[in-house]
Protein chains: 2
Amino acid sequence: MEKMRSDCPISCSLDVFGDKWSLLIIRDIMLREKVSYSEFLQSEEKIATNILVNRLNVLEAEKILIKEVSEKNKSKFVYSLTQKGADLLPIIIEIMDWGAKYNENCPRKELGKKIKADKAGAIEELSKELKKKVRKKAI
Amino acid sequence: MEKMRSDCPISCSLDVFGDKWSLLIIRDIMLREKVSYSEFLQSEEKIATNILVNRLNVLEAEKILIKEVSEKNKSKFVYSLTQKGADLLPIIIEIMDWGAKYNENCPRKELGKKIKADKAGAIEELSKELKKKVRKKAI
DNA sequence: AATTTGTGCTTGCACTTTGCAAGTACTAAT
DNA sequence: ATTAGTACTTGCAAAGTGCAAGCACAAATT
C-alpha cells in the first residue's frame, strides 16, 4: 500500500491508480478481453515491461486484480478483476466519455457511441457482464 | 499539449490529467471554492510549488482552467473552470465514490453521503452550480 | 520614502520514477 | 536437443518529483 496523502477519497483513489498506466491495464481487462502480461504488452500505448510488472503487482496488492495460473498453459498467468476492480467501471466510462467529447483525435467507436446515446444503460449492461467474471480468490 | 500515446479516449484523457495532482487541483476549484495559487498550496496533500505551477500551466493550456487577474487584488490571479473543466465533475464524483467505498481511512462526509444516497441527483445539482461559474474567456 | 507582507513563480539539488534495451529463468512445444 | 513463448529482472539514461531557498512585483504599513 502506498503512503496516504490525506483522508480525502479522491486523493486516496489517486494514490492507487493516479498514474498514466494503471487505468489502461484495467481498461484492457475490462473492455478488451485481455488477461495476460503478453497481451497487455501488445497494447498500442506500448507500456514498458518493468512498469507493467510493477503496476500489476500494485493492482494485485490493492486487491483490484487477481493473478492465477492459466488452466490451459501452466507457465502462463491470467489476471482478472475483483469486485473492487469491476467497480472502477463507472470511472473508466466517464473518462472515456470526456476524452471522446473533447479530443478530436479520439473518434468514438462502438462503445463510445453507445455511451453517448445511453450512458447509464451502457454502464449497467457492462456491469452485469463484469459481475459474471469477477474473481473472489484463486481457483 | 503532451504527446499522444494512442487514439483511445481513455489514454488521451490520462495524457492530460493522469497523475497524482491534476485532479486534486480540479477538486479544490470544483468542490472547495479554492481559486488561487496560495489556496491550492494550503491543501492537506501539500503539493510542491513547482509542481503546482506546472500543473496550473498544463491545465490552462488544455483549456480546462482559465487564469484571470483578481478584481479585488490586481497582484493576484484567480483560476476558474471552463465548461471542459466543469465536465470533469462526473469523473471526480465517481472517483470519490469508489475511494470512499473501498478505503476505510476515507470516511464519507457531507458530499460523500449525498452521492451514496443519490449519485445522479448529486451530479446534476453540482453540475448546475458549476455552470453558473463557468468562464469562456478572460473577463 | 522605506519596510513589510502577500502573491506567483524560479532555481538548485537530491531522489524517484520512467523508458528503453538487453538478458535471465522457466515451461511447452517441436 | 532446440526453439519459441511467458514472466520477469537488470542496467542505465532521461524525465519527473519533493524540498528548501530564493526572486520579482504589487499592495499595505510605517
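Note on naming: letters A, B, ... go to the chains in the order of the sequence lines (proteins, then strands), and numbering restarts at 1 for each one.
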Nucleotide nearest B:N50 (side chain, heavy atoms from C-beta), chosen from D:dC19, C:dC9, C:dA28: D:dC19
Is there a chain of hydrophobic side chains (I, L, V, M, F, W, Y, each step under 4.5 Å between heavy atoms) that links A:L56 to A:L23? yes
Looking only at side-chain N and O atoms, does A:S75 come under 4.0 Å of OP1 or OP2 in D:dG5? no
Value in whole Å for how far the C1' atom of D:dT9 lies from CG of A:N57: 12 Å
Residue B:Q83 excluded, over 12 heavy atoms near CD under 6.0 Å: yes
Contact under 4.0 Å: A:K46 side-chain N or O vs C:dA21 OP1/OP2: no
To the side chain of A:F77, which of C:dC9, C:dT7, D:dC8 is closest? D:dC8
Which residue, A:K116, A:K113, A:R108, forms the salt bridge (charged side-chain N to carboxylate O under 4.0 Å, His left out) with A:D97? A:R108
Counting only heavy atoms not in A:E44, do more than 12 sit closer than 6.0 Å to its CD atom? yes
Which nucleotide in the set C:dC9, C:dC20, D:dT6 lies at the smallest distance from any side-chain heavy atom of B:V53? C:dC9
B:R5 atom CZ is separated from C:dC20 atom P, nearest whole Å, by 12 Å
Between D:dA20 atom C1' and B:L41 atom CG, what is the distance in whole Å? 14 Å
By nearest nucleotide on DNA chain C, pick out whichever of A:K72 and A:I51 is the more 5' one. A:I51
Can you check whether B:W21 has a side-chain N or O nearer than 4.0 Å to OP1 or OP2 of D:dG18? yes
Of all the choices, C:dA28, C:dG8, C:dG19, which nucleotide is nearest to the side chain of A:A48 once you look at every atom? C:dG19
Tell me what B:T49 touches on the nucleic acid: a base, only sugar-phosphate, or nothing, going by heavy atoms under 4.0 Å. base
For A:Y37, which contact category applies under a 4.0 Å heavy-atom criterion: base, sugar-phosphate, or nothing? base
Classify the nucleic acid contact of B:F40 as base, sugar-phosphate or nothing, counting any heavy atom under 4.0 Å across all strands shown. nothing
As a test of reading the structure: which of C:dG8, D:dA7, C:dT7 is closest to the side chain of A:K76, going by heavy atoms? D:dA7
Are more than 12 heavy atoms, taken from residues, nucleotides or ligands other than B:K84, located less than 6.0 Å from that residue's NZ atom? yes
Nucleotide C:dT17, atom C1' - distance to CD1 of A:I47 in whole Å: 13 Å
